[in-house]
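A quick write-up on the structure given underneath.
Hydrogens, waters and symmetry mates play no part in the numbers below; they use all other heavy atoms, side chains included. Keep in mind that this is a model prediction, so the values were computed, not measured.
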Amino acid sequence: MKKILAVFFGVHLVIFSVVFRRPRRCRTKDAYSCAIVCGYPADEEGKTTALMKARVEKAVELWKDKRVKYLILSGGAVRNPFVEAEVMKAYAVSLGVPRECLITEKQSVSTYHNMMYCKDIMQECGFEDCVIVTNGWHLRKADHYARKFRLSYVMCKADKPEEESIFQNVWRYISTNVHMYINMYRGYW
């Protein structure tokens with residue numbers, strides 16, 4: 001029985017690794033047209049959460065280093081009435097980014113939609129390429145959908161919030177990957 005379980009998990013691990021490849025994180029250029037910041041829900045009072053802050057702070061760092069010219073903040077009102085893109089925009093402005101360098105995408109309700117709608121924005125604005133900013137546990141999922149929509153991109157990992165425990169971080173990796181894999185078999189990939 002142990003051998004059967006080991007083979008079962010081994011086969012599924014290989015399938016997962018082929019379908020959802022390891023994300024490209026090497027920057028091949030000095031600068032990109034924009035950064036896409038994947039949304040994450042605000043708290044119940046409409047304020048930035050630690051994960052949301054980490055994503056925005058990494059994108060602002062890229063902007064301040066002149067690695068990107070614009071930030072596309074992506075995310076609708078998913079878990080509460082607060083639009084993620086608007087909450088991230090207010091935070092980016094508070095960190096010194098001028099409003100004219102910020103573009104909001106307010107329709108997304110998932111990572112799939114983040115990439116789909118941001119691709120349209122990139123085409124409308126004439127952006128050639130982007131850096132996709134998200135947390136480490138979310139990189140593989142965002143990478144998968146960026147490939148699906150044929151974006152010219154590289155991935156950028158936001159820092160892990162200090163208040164997040166190792167257990168919480170590991171759990172996010174596991175649950176995100178399991179969710180992706182289940183969705184593949186349900187046809188939602």
Review point. Mind checking whether Val109 and Tyr112 sit in one hydrophobic cluster, side chains of I, L, V, M, F, W, Y counted as touching below 4.5 Å?
Key: no
Point to revise | Shortest non-hydrogen contact from Asp159 toward Ala54 | key: O-CB, 3.2 Å
Exercise for review: Please say whether more than 12 non-hydrogen atoms of neighbouring residues, nucleotides or ligands are located less than 6.0 Å from OH in Tyr117.
Suggested key: yes
Practice item. For a side-chain contact (heavy atoms from CB on, under 4.5 Å) with Glu84, tell me which candidate from Thr104, Val37, Val78 qualifies. Key: Val78
Review point. Judged by modelled atom types alone, do Asn114 and Ser74 share a side-chain donor-acceptor pair under 3.5 Å?
Key: yes
Check your understanding: Atom CE of Met116 and atom CG of Leu151: how far apart are they, to the nearest 0.5 Å?
Key -> 12.0 Å
Check your understanding: Are the aromatic rings of Tyr153 and Tyr32 close, with centres under 6.0 Å apart?
Key -> no
Practice item. Give the C-alpha distance, both sets of side-chain angles, the deciding distance and a yes or no for side-chain contact (heavy atoms from CB on, under 4.5 Å) between Tyr70 and Leu102. Key: CA-CA 6 Å; Tyr70 296 91; Leu102 301 170; over 6 Å; no
Check your understanding: So do Thr134 and Leu139 actually touch side chain to side chain, heavy atoms under 4.5 Å?
Key -> yes
Check your understanding: Does the side-chain contact (heavy atoms from CB on, under 4.5 Å) test come out yes or no for Val178 and Ile174, once each step is laid out?
Key -> CA-CA 6 Å; Val178 168; Ile174 292 168; 4.3 Å; yes
Check your understanding: If we ignore angles and hydrogens, is there a donor and acceptor under 3.5 Å between the side chains of Tyr91 and Glu57?
Key -> yes
Check your understanding: Can you name the nearest heavy-atom pair linking Cys130 to Ile36, along with the distance?
Key -> SG-CD1, 3.8 Å
**Study point:** Between CG on residue Asn177 and CZ on residue Arg140, distance to nearest 0.5 Å
**Key:** 6.0 Å
Point to revise | Check: Tyr145 and Lys148 side chains under 4.5 Å, non-hydrogen atoms | key: yes
Review point. Is the number of heavy atoms from other residues, nucleotides or ligands within 6.0 Å of CG (Asp65) greater than 12?
Key: yes
Review point. Just wondering, are more than 12 heavy atoms of other shown residues or ligands nearer than 6.0 Å to CD in Glu128?
Key: no
Point to revise | Test side-chain contact (heavy atoms from CB on, under 4.5 Å) applied to Val131 and Arg67, step by step | key: CA-CA 9 Å; Val131 178; Arg67 297 260 190 203; 6.0 Å; no
Exercise for review: Taking atom NZ of Lys106 as the centre, report whether more than 12 heavy atoms of other residues, nucleotides or ligands fall under 6.0 Å from it.
Suggested key: no
Review point. Taking all non-hydrogen atoms of both residues, which atom of Met88 and which atom of Cys38 are closest, and how far apart?
Key: SD-O, 4.2 Å
Point to revise | SG-CZ distance between Cys118 and Phe149, expressed to the nearest 0.5 angstrom | key: 10.5 Å
Practice item. Could you tell me whether the side chain of Gln168 and the main chain of Ser165 form a donor-acceptor pair under 3.5 Å? Key: yes
**Study point:** Donor + acceptor pair across side chains of Arg172, Asn135 (<3.5 Å)
**Key:** no
Check your understanding: If Ile, Leu, Val, Met, Phe, Trp and Tyr residues are connected whenever their side-chain heavy atoms lie under 4.5 Å apart, and connections chain through other members, are Val60 and Leu62 in the same group?
Key -> yes
Practice item. Provide the closest heavy-atom pair for Phe82 versus Asp43 in the form atom of the first, atom of the second, distance. Key: CD1-O, 3.8 Å
Check your understanding: Is there side-chain contact between Glu164 and Leu51, with at least one heavy-atom pair below 4.5 Å?
Key -> yes
**Study point:** Close side-chain approach of Met122 to Ile72, heavy-atom, < 4.5 Å
**Key:** yes
Check your understanding: Any Lys/Arg nitrogen of Glu61 or Lys58 sitting under 4.0 Å from an Asp/Glu carboxylate oxygen of the other?
Key -> yes
Check your understanding: Does the side chain of His138 come under 3.5 Å of the side chain of Thr176 through a donor N or O and an acceptor N or O?
Key -> no
Exercise for review: Take Leu95 and Trp63 through the side-chain contact (heavy atoms from CB on, under 4.5 Å) test and state the conclusion after the steps.
Suggested key: CA-CA 11 Å; Leu95 296 175; Trp63 179 82; over 6 Å; no
Review point. To the nearest 0.5 Å, how far apart are CD in Glu100 and NZ in Lys69?
Key: 15.0 Å
Exercise for review: Can you measure from OG1 (Thr49) to CD (Glu44) and round to the nearest 0.5 angstrom?
Suggested key: 11.0 Å
Check your understanding: Which pair of non-hydrogen atoms, one from Leu71 and one from Ala59, has the smallest distance, and what is that distance?
Key -> CD2-O, 3.6 Å
Point to revise | pair Glu105-His113: side-chain heavy atoms closer than 4.5 Å | key: no
Check your understanding: Quick one: CD1 on Ile121 to SG on Cys34, what's the gap to the nearest 0.5 Å?
Key -> 9.0 Å
Review point. Nearest heavy-atom pair of Val133 and Ala158: which atoms, and what distance?
Key: CG1-CB, 4.5 Å
